[in-house]
Amino acid sequence: MAKSKPDILQGTLDLLILRTLDSGSAHGWEVSRRIRESSREVLSVQQGSLYPALYRLQDRGWIRSKSGTSDEGRPVRIYTLTAAGRRQLELERASWRQLSAAVDLVLGEN
């Protein structure tokens, strides 16, 4: 039986996107690729989840976008983390650490 990839927990996609853009601007497909590669191919963000999240983060002022061109010459939106996004990233990180520690306690992994 093939090993399936875990679903991304609800609420963690924002954290993953903000962290990815903290390392540099990127277009949507690049954000998805960076998440997949940095998770050693464990996490995969599908377009149907990624783009609504990018639009939501932009509406909240945590990222901004501008028109650009991909390496292949196609028009793309380039996303960049804002100062407000950096502050939110730190809040999201703290929240994730607290949640992770609580789950470890329940699992007896303390």
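Numbering starts at 1 and runs along the sequence shown.
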Roughly how far, to the nearest 0.5 Å, is [atom2] of [Y] from [atom1] of [X]?
X: Thr12; Y: Glu92; atom1: OG1; atom2: CD; answer: 9.5 Å
X: Leu91; Y: Leu15; atom1: CG; atom2: CG; answer: 11.0 Å
X: Arg36; Y: Ser44; atom1: CZ; atom2: OG; answer: 6.5 Å

What heavy-atom pair brings [X] and [Y] nearest, and what distance separates the two atoms?
X: Ala53; Y: Leu13; value: CB-CD2, 3.7 Å
X: Asp14; Y: Trp62; value: OD2-CZ3, 4.4 Å
X: Gly61; Y: Ala84; value: O-CB, 3.8 Å

N/O donor-acceptor pair under 3.5 Å between [X] side chain and [Y] backbone:
X: Ser39; Y: Ile35; result: yes
X: Ser65; Y: Ile78; result: no
X: Thr69; Y: Gly73; result: no

Table please: side-chain donor-acceptor pairs of residues 16-25 below 3.5 Å, with sequence neighbours left out.
from: Thr20; atom 1: OG1; to: Leu16; atom 2: O; distance (Å): 2.7
from: Ser23; atom 1: OG; to: Thr20; atom 2: O; distance (Å): 2.7
from: Ser25; atom 1: OG; to: Thr80; atom 2: OG1; distance (Å): 2.8

TODO: Indicate the ring-plane relationship of His27 and Trp29, choosing parallel, tilted or perpendicular according to the 30° and 60° boundaries.
DONE: parallel
- [ ] Check side chain to side chain contact (heavy atoms under 4.5 Å, CB included) between Ser100 and all other residues, then give those that pass, not counting sequence neighbours.
- [x]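 Counting only residues at least two positions away or on another chain, Ser100 forms a side chain to side chain contact (heavy atoms under 4.5 Å, CB included) with Trp96, Asp104.
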Task: Electrostatic pair Glu90:Arg87 at N-O distance under 4.0 angstrom - done: no
Task: Partners passing side-chain hydrogen bond (donor to acceptor under 3.5 Å, both in side chains) against Glu37 (at least two apart in sequence or in another chain) - done: Arg33
